[in-house]
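Since the model is a prediction, treat every value here as computed from it, not as a measurement.
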Amino acid sequence: MAEEGNSLRAIVAALSANLGIALSKFVAFLFTGSSSLLAEAVHSVADTANQVLLLIGGRRAQQRASQLHPFGYARFRYFYGFLVTLVIFLVGGVFALFEGWQKLHHPEPVEDPIWAFVVLGISVGLESFSLRTAVHEAEPSRRGAPWLRFIRTTRSPELPVVLAEDFGALTGLTFAFVGITLAVVTGDGRWDAAGTLAIGALLVVISITLSQRMRSLLIGESADNGTLLAIEAAIEREPLIERVIHLRTMHLGPDQLLIAAKVAVRASETMAHVAQAINRAEKQVRDALSYECFIFLEPDVFDAKLFETAERPPGSSATEHREAWE
């Protein structure tokens with residue numbers, strides 16, 4: 001799948017950048033003693049571990065379906081995406097908050113600040129490269145949607161994680177730069193501690209935001225509205241199917257979709273004709289979508305009078321009305 005390839009390239013770019021950034025930040029911390037740089041170094045280590053987890057999740061998701069897991073293992077990508085949010089929270093956010101709290105009560109001056117500024121500049125360059133790659137790879141899937149909406153609605157776990165990580169990293173570097181600069185100018189190490197606390201708070205917010213997204217994906221989300229309309233149109237192109245009575249979908253993974261629908265056929269049709277119509281409708285759905293589809297269509301006889309007299313909930317669509325009417 002194209003989206004899977006885009007995610008892989010974004011992950012590899014982020015992994016390469018974070019490895020170099022983490023090493024440079026640790027070296028700078030040894031020379032400066034800056035808690036902001038230490039927090040940023042641990043942040044980069046956490047980001048590197050996150051890319052590895054995403055790669056493992058993608059690899060394990062490719063396992064063949066088994067008798068115990070007949071729909072395959074694609075949800076491993078969601079599971080490992082959720083693990084990433086825990087790493088961001090515990091390794092990145094909590095550590096930075098603890099380190100900032102310690103340095104706030106026991107401030108120390110920043111030594112050899114030139115090291116800090118050089119490494120921060122290198123880190124900004126590498127993180128910008130990683131973010132640019134992630135943005136480029138996400139563009140085909142975003143289809144012009146605002147970035148926040150894309151992160152909230154995409155069924156791919158990797159791209160939102162990489163985008164949020166890179167944005168958080170660049171913002172954290174800004175906090176570190178401001179904190180170290182003020183600490184050097186004023187001679188007060190508490191500014192460095194304040195930058196560390198800001199980095200920790202930022203990572204906690206990112207972790208909570210991403211964990212909510214991964215949780216929703218793990219529970220199971222339906223296809224988006226455009227895909228639902230495409231499925232319904234494909235089914236109803238079959239002449240022997242009068243209409244879709246109700247439709248249920250769920251993403252088994254970013255590129256896999258479970259589709260279950262009750263469809264109306266004429267009561268006079270023979271079983272053989274209905275079976276042929278179902279098979280044709282399933283093929284039309286697969287041709288219309290780019291997903292790997294597991295399709296289950298149930299034929300039924302549609303009672304128009306009963307359907308039209310059923311009370312439609314306020315604001316519900318026709319599809320939702322048919323679902324409620326079932």
Side-chain angles (χ1 to χ4, degrees), residues 1-7 61 65 69-75 77-78 138 140-145 149-157 159-160 213 216-266 269 271 273-304 306-308 310 312-313 315-326:
M1 291 289 183
E3 186 169 346
E4 184 175 350
N6 295 344
S7 299
H69 298 95
F71 293 111
Y73 294 83
R75 283 196 174 183
R77 292 171 66 181
Y78 296 152
S141 303
R142 187 168 72 98
R143 298 186 182 92
R149 184 189 302 172
F150 169 73
I151 291 174
R152 289 197 304 264
T153 59
T154 180
R155 271 52 172 184
S156 169
L159 289 175
R213 185 75 197 104
S216 180
L217 291 171
L218 269 175
I219 293 171
E221 290 189 351
S222 69
D224 58 54
N225 288 334
T227 303
L228 290 173
L229 292 174
I231 293 170
E232 190 167 345
I235 293 174
E236 292 182 347
R237 278 200 300 272
E238 167 54 42
L240 267 64
I241 293 178
E242 295 181 322
R243 67 190 308 167
V244 175
I245 299 175
H246 75 74
L247 175 64
R248 297 283 193 275
T249 62
M250 185 172 68
H251 272 274
L252 302 172
D255 306 315
Q256 292 183 336
L257 193 61
L258 175 65
I259 302 170
K262 181 176 287 189
V263 299
V265 297
R266 291 186 292 272
E269 294 293 344
M271 181 63 72
H273 286 167
V274 171
Q276 292 170 3
I278 294 291
N279 290 336
R280 288 193 296 267
E282 290 180 353
K283 183 180 184 304
Q284 289 167 184
V285 171
R286 290 190 172 91
D287 290 342
L289 304 180
S290 60
Y291 301 106
E292 178 185 0
C293 298
F294 299 88
I295 306 174
F296 302 90
L297 301 183
E298 176 189 353
D300 200 353
V301 177
F302 181 71
D303 189 330
L306 180 60
F307 175 76
E308 295 300 336
R312 178 183 298 189
S316 64
S317 66
T319 299
E320 292 169 338
H321 180 47
R322 289 199 294 271
E323 294 172 354
W325 173 81
E326 177 194 2

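The CZ atom of Arg237 sits 13.5 Å away from the CZ atom of Arg280 when rounded to the nearest 0.5 Å. Atom NE2 of His251 and atom OG of Ser222 lie 7.5 Å apart (nearest 0.5 Å). Distance CD/Glu269 to CD1/Ile241: 10.5 Å, rounded to 0.5 Å. For the atom pair OG1 (Thr153) and CZ (Arg142), the distance works out to 11.0 Å, reported to the nearest 0.5 Å. Rounding to the nearest 0.5 Å places CG of Leu252 at 7.5 Å from CG of Leu257. One finds the CD1 atom of Ile235 at 8.5 Å from the CD atom of Glu282 (value rounded to the nearest 0.5 Å).
Residues Asp255 and Arg77 have side chains in contact (heavy-atom distance under 4.5 Å, counting atoms from C-beta outward). Within the 4.5 Å cutoff, the side chain of Thr154 has no heavy atoms near those of the Leu159 side chain. For the pair Ile259/Ile295, a side-chain contact is recorded, criterion being any heavy-atom separation below 4.5 Å from C-beta on. With a 4.5 Å cut-off on side-chain heavy atoms, Val263 and Ile278 count as touching.
Pairing each heavy atom of Ala65 with each of Pro70, the nearest pair is CB-O, 3.5 Å. Closest heavy-atom contact between Met250 and Ile219: SD-O, 4.4 Å. In terms of heavy-atom proximity, Tyr291 sits nearest to Gln256 at CD2-N, 4.3 Å. The two residues Pro254 and Tyr78 have their closest heavy-atom pair at N-OH, 3.2 Å. The minimum heavy-atom distance linking Val285 with Ile231 is given by the pair CG2-O, 4.1 Å. Between Gln284 and Ala234 the shortest heavy-atom distance is NE2-O, 2.6 Å.
Remark: Glu221 pairs with Arg155, Arg213 by the salt bridge (Lys or Arg N to Asp or Glu O under 4.0 Å) rule, at least two apart or across chains.
In this structure a side-chain-to-backbone donor-acceptor pair under 3.5 Å is missing from His69 to Phe71.
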